[in-house]
Structures are given as structure tokens and as C-alpha cells.
Amino acid sequence: MEKTVPTDRVESPQEPLPALDGPRCPRHPEVEDAQPCPRCGGFFCEACLPDLLVVERTHCADCLARDKAPEAVRTALLRDLTRVQVGVIAVLILEALFSTSLALGAPRGVMLLGSLCLMSPIIALTLLFARSRSATVGWVLCVIDLGMGLLQLFGGGNALVGAAVLLAGVLAAFQLFKLGSLPRLTASPD
């Protein structure tokens, strides 16, 4: 049994609908070449981000604005500074283990315990920084890193460890300067 379609009603569209060849940018629908944002799933085009290089256009303008918000930058800087300090602790622990394994004549346990005692303030300050996220504690750690790196590098210690700790101190200083340049957060009156 065949269905018949009535032929007396013929609709003619007033304007032909544009053919959608691909995804379109919601802000610039005339642009046909839109890319999907991997974070939010929306689409964006080159006109949305005119000031960025093509390789920098990885997310839509809204997601990039959220990433550049002062609170997001502050959180990322503090997280990275904590990671730098954990890296310093790891380098110092590895150096202590390596130097005690090569020790001749001195009791290895005593040398290892002494090294850990010398590292305990750095470990405590790193834990305090990770907990409090205080820039003051970060600056104290930065000064300790710079001093310890210079002492290791030029005071007869392991030059490689000294260079690594000194580099960590310089990275921490840059992060803390960037943190200090961010606008202060104000509480909204709600």
C-alpha cells in the first residue's frame, strides 16, 4: 500500500536557506571556518581572537578570558611555586642520599640524619606555603633557595645541585614578582 502525498499544497520558500558546510562561529556567523573549543565545546573563529597568533588560538575567547582572570593566574602561580619548592626538596634529598652513599669513614646514618635536619626548615616552610598560600612565606623560601644555591655553587658544594637550587630560587622570584603585580582581589558587597 503506497502513501500518496497531496500535490495541491506546494510550499515555496521565500529565501533559500544557506547550506551549512561546517560549524559556524556564534559571534561571527558569516565566517565558515570555525574551530571547536576543547574546554567548553563551543565554536570560535579567527575573528574572535584577532590579537593572537594562529598557534595560540587553542580555546574560545571566553575560556581564554577565564584563564587570564587574576584569580586563575594567582592560583596557577601559587601551585607552580609549590611545585618548584617540592622539586628543590627532591633535589636536596637525592643529593643527601648520593653523598651519604659515597661517604668513606663517617657513619652514613648520622650524615643522612644531619642532611635531613638541615632540610627540615625548607620542608616545613614548603608545607606552610602549600597550606597558607602566603606570598611572605614564598619570599622566605625564595631567599633560602637563592642563598643555598649560591652556597652550594660557590662554597664548595655540589655545583649541579647548587645550579638547580639557584635556578629554582630565580624561578620563584619571577613567580612572586608576577604574583605581586596582579590586581588585588576585593570582596564584592553582596
Side-chain angles (χ1 to χ4, degrees), residues 35 37-40 44 48-103 108 111-187:
Q35 301 173 5
C37 176
R39 184 170 297 151
C40 69
F44 65 97
C48 292
L49 307 166
D51 297 333
L52 296 180
L53 297 172
V54 175
V55 294
E56 294 174 334
R57 295 176 184 158
T58 57
H59 293 84
C60 68
D62 293 334
C63 289
L64 288 175
R66 277 192 295 273
D67 284 347
K68 291 182 180 178
E71 185 56 36
V73 172
R74 182 179 314 278
T75 302
L77 284 172
L78 292 171
R79 180 195 63 230
D80 291 345
L81 186 56
T82 303
R83 289 178 179 168
V84 165
Q85 293 306 317
V86 169
V88 167
I89 291 171
V91 165
L92 292 175
I93 288 174
L94 287 173
E95 193 252 343
L97 290 172
F98 183 71
S99 64
T100 56
S101 69
L102 294 178
R108 291 184 181 153
M111 286 185 65
L112 187 59
L113 184 62
S115 296
L116 291 176
C117 286
L118 288 174
M119 284 186 277
S120 63
I122 297 171
I123 294 171
L125 284 171
T126 301
L127 291 173
L128 178 65
F129 178 76
R131 192 84 165 130
S132 69
R133 303 290 182 156
S134 167
T136 305
V137 177
W139 278 112
V140 170
L141 282 167
C142 176
V143 168
I144 290 173
D145 289 348
L146 291 172
M148 188 180 307
L150 288 172
L151 186 64
Q152 286 269 352
L153 196 58
F154 299 113
N158 188 335
L160 185 61
V161 171
V165 174
L166 188 62
L167 178 64
V170 170
L171 287 173
F174 282 131
Q175 289 171 322
L176 288 164
F177 278 125
K178 177 69 176 171
L179 187 66
S181 70
L182 292 175
R184 299 282 179 228
L185 298 176
T186 57

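For Val91 against Ala164, the heavy-atom pair with the smallest separation is CG1-CB, 4.4 Å. Counting all heavy atoms, side chain and backbone alike, Gly138 lies closest to Leu81 at CA-CD2, 4.3 Å. In plain terms, the two heavy atoms of Gly169 and Cys142 that are nearest each other are O-SG, 3.3 Å. Taking every heavy atom of both residues into account, Gln175 and Val84 meet most closely at OE1-CG2, 4.1 Å.
The distance from the CG atom of Leu128 to the CD1 atom of Ile123 is 13.5 Å, given to the nearest 0.5 Å. The line from CG of Leu141 to CG of Leu176 is 9.0 Å long, rounded to the nearest 0.5 Å.
Side-chain contact between Met148 and Val88 is absent, with no heavy atoms from C-beta onward closer than 4.5 Å. The side-chain heavy atoms of Ile89 and Leu92, taken from C-beta on, include no pair separated by under 4.5 Å. With a 4.5 Å cut-off on side-chain heavy atoms, Leu94 and Phe98 do not count as touching. Residues Phe129 and Leu78 meet the side-chain proximity criterion, which asks for heavy atoms closer than 4.5 Å.
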>> Using side-chain contact (heavy atoms from CB on, under 4.5 Å), reason through Leu166 and Asp145 one step at a time and then give a plain yes or no.
In response: CA-CA 6 Å; Leu166 188 62; Asp145 289 348; over 6 Å; no

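Contacts of Arg79 classified as salt bridge (Lys or Arg N to Asp or Glu O under 4.0 Å), with partners at least two apart in sequence or in another chain: none. In this structure, Val143 has no side chain to side chain contact (heavy atoms under 4.5 Å, CB included) partners at least two apart in sequence or on a different chain.
Residue pairs that meet the ring pair (Phe, Tyr, Trp, His ring centres under 6.0 Å) test with at least one member in residues 71-93, sequence neighbours left out, do not exist here. Contacts classified as side chain to side chain donor-acceptor pair (under 3.5 Å) and involving residues 124-140 (residues at least two apart or in different chains) are not found. The list of salt bridge (charged side-chain N to carboxylate O under 4.0 Å, His left out) pairs with a residue in residues 81-91, not counting sequence neighbours, reads Asp80-Arg83.
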In residues 149-161, what donor-acceptor pairs under 3.5 Å come from side-chain atoms, sequence neighbours left out?
unit_1	atom_1	unit_2	atom_2	d
Gln152	OE1	Asn158	N	3.0
Asn158	OD1	Leu160	N	3.1

